[in-house]
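If you're wondering where the values come from, they're calculated on a predicted model, not measured in any experiment. Both counts, for ligands and for their atoms, begin at 1 and track the order of listing. Only this structure's heavy atoms are used, side chains among them; waters, hydrogens and symmetry mates stay out.
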Amino acid sequence: MTQDQLKQAVAQAAVDFILPKLSDKSIVGVGTGSTANCFIDALARHKGAFDGAVASSEATAARLKSHGIAVYELNTVGDLEFYVDGADQSDERLHLIKGGGAALTREKIVAAVARTFICIADASKLVPVLGTFPLPVEVIPMARSHVARQLVKLGGDPVYREGVKTDNGNIILDVHNLHIIDPVALERDINAIVGVVTNGLFAARPADLLLLGTEHGVKALKAS
Ligand code: 5RP
């Protein structure tokens with residue numbers, strides 16, 4: 001199976017998982033990236049089964065709208081049962097690295113609101129220890145050098161992501177060469193640096209369910 005086929009399989013598995021639990025009043029939180037795009041396309045085939053969606057990026061909002069799915073502002077939504085999104089890496093406890101698509105802050109906000117966070121990923125994303133994928137950090141532009149110096153003190157090698165501006169008007173530093181033994185502590189420590197908007201560790205609020213696309217079918221892993 002190709003990586004694209006694995007992404008489509010986990011996207012379909014997520015739709016199959018949430019569909020029986022949706023009503024015509026349900027709003028679904030939707031992530032960003034190529035796997036999330038597969039989910040949007042699969043979900044769109046059932047657009048009569050739910051009310052609409054909250055998007056974690058402008059790109060996702062545009063894709064949802066192109067399918068005729070109503071997109072709501074998060075502030076207008078009371079209850080969000082599900083958030084479905086991809087990840088750059090996951091460990092076995094469903095701590096994630098996200099933000100390869102620079103949408104980490106809005107993704108983290110929607111994930112925080114949702115009662116159930118379903119992560120969908122192909123098997124290559126599951127790792128024993130997070131950090132071989134550079135950790136994205138969203139930073140207020142004027143704080144770039146200050147934040148970079150603090151990230152070096154935490155043991156990382158920050159690299160400015162050239163030519164990228166987030167949906168919030170900020171920049172991204174990708175932190176290389178981290179071996180993240182304690183993701184909860186590192187998420188907290190990086191978020192405490194003045195000028196950081198948020199970082200791509202989803203550890204304080206990990207996924208609740210990981211649907212992993214493998215050669216032998218979709219495996220479901222639950223947070224322990
Ligand atoms: C975007 C993200 C994505 O979920 C992550 O980059 C995975 O993307 P893809 O599904 O394309 O591999 O965090 O900010």
Problem set entry | Contacts of type side chain to side chain contact (heavy atoms under 4.5 Å, CB included), residue Ala44, not counting sequence neighbours |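 For Ala44 the side chain to side chain contact (heavy atoms under 4.5 Å, CB included) partners, ignoring immediate neighbours, are His67, Ile69.
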
Problem set entry | For His46, all residues meeting side chain to side chain contact (heavy atoms under 4.5 Å, CB included), sequence neighbours excluded |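 Counting only residues at least two positions away or on another chain, His46 forms a side chain to side chain contact (heavy atoms under 4.5 Å, CB included) with Val15, Leu19, Ala49.
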
Exercise. Do you reckon Ile27 sits in the same ILVMFWY cluster as Leu22, going by side-chain contacts under 4.5 Å, direct or chained?
Worked result: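 Each belongs to a different hydrophobic cluster.
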
For this session: Run through ligand 1 for me and note each protein residue having a heavy atom under 4.0 Å from it, chain first, then residue number.
Result: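 Residues within 4.0 Å of ligand 1: Thr32, Gly33, Ser34, Thr35, Asp85, Gly86, Ala87, Asp88, Lys98, Gly99, Gly100, Gly101, Ala102, Ala103, Glu107, Lys125.
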
Exercise. Less than 4.5 Å apart, any side-chain heavy atom of Leu43 and any of Ile18?
Worked result: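 Yes, close enough: below the 4.5 Å cut-off.
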
Exercise. Aromatic rings Phe17 and Phe82: how do their planes relate, parallel, tilted or perpendicular, breaks at 30° and 60°?
Worked result: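 Phe17 vs Phe82 ring planes: perpendicular.
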
For this session: Enumerate the residue pairs fulfilling side chain to side chain donor-acceptor pair (under 3.5 Å) with a member in residues 48-63, sequence neighbours excluded, ordered by first and then second residue.
Result: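 Listed once each, the pairs are Thr32-Ser56, Thr32-Ser57, Thr32-Thr60, Asp41-Arg63, Asp51-Tyr72, Ser57-Thr60, Glu58-Arg106.
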
